[in-house]
Amino acid sequence: MKFKQLPFIAKFAILLTCFNTWVIIEEFIIDRFGYWQFLPFYKKGIFCLWDAGFLAIAALLIFYNWKTIKEKCFISNCKICSIKT
């Protein structure tokens, strides 16, 4: 079964798993070693702009297919969008 054939609930579970991984990285690396001081708009221990940005990018990559993302890319000569799949 291909990823795009998965039901919505499976894709949503994958999104939550990715977000949980991001939260663990925040807790064990960013917060504990003090890297949060170097991240603008980062709020230690609460939902912040970085969390929303991660969720937006992860949702975009999970729920939209790659062809749609490449068509709507606003960056001319984007190296990521020029990758052949």
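In this text, all values refer to a predicted model and were calculated from it rather than measured experimentally.
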Taking all heavy atoms of Asp31 and all of Gly45, pick out the closest pair and write down the distance.
-> OD2-N, 4.1 Å

Counterpart residues, side-chain contact (heavy atoms from CB on, under 4.5 Å), relative to Leu39 (two or more places apart) | Ile30, Tyr42, Trp50

Apply the test side-chain contact (heavy atoms from CB on, under 4.5 Å) to residues Glu26 and Asp51: give CA-CA distance (whole Å), side-chain angles for both, the deciding distance (0.1 Å), then the verdict.
-> CA-CA 9 Å; Glu26 280 184 318; Asp51 298 326; 2.6 Å; yes

What residue pairs, at least two apart or across chains, pass ring-ring contact (aromatic ring centres under 6.0 Å, His included) with a residue in residues 4-26?
-> Phe8-Phe63, Trp22-Phe54

Tell me, please, which residues at least two apart from Ala10 pass side-chain contact (heavy atoms from CB on, under 4.5 Å).
-> Leu6, Pro7

Is it the case that one hydrophobic cluster holds both Ile9 and Met1, taking links as side-chain heavy atoms less than 4.5 Å apart, direct or via other members?
-> no

Nearest heavy-atom approach of Phe38 to Pro40 is O-CD, 3.5 Å

Taking atom CD1 of Ile62 and atom SG of Cys18, what is their separation to the nearest 0.5 Å?
-> 4.5 Å

Inspect the surroundings of CZ in Phe47 and state if more than 12 heavy atoms from other residues, nucleotides or ligands are less than 6.0 Å away.
-> yes

In short, Glu27 meets Arg32 closest at the heavy-atom pair O-CG, 3.2 Å

Whichever hydrophobic residues join Ile46 through chains of side-chain contacts under 4.5 Å = none

Look at the side-chain heavy atoms of Ile, Leu, Val, Met, Phe, Trp and Tyr, link any pair under 4.5 Å apart, and say whether Leu16 and Leu55 land in one connected group.
-> yes

Distance-minimising heavy-atom pair for Ala58 and Leu15 | CB-CD1, 3.5 Å

Linking directly or through intermediates, with side-chain heavy atoms under 4.5 Å: list the remaining ILVMFWY members grouped with Ile24, chain and number order.
-> Phe28

Listed partners of Gln37 passing side-chain contact (heavy atoms from CB on, under 4.5 Å), at least two apart = none

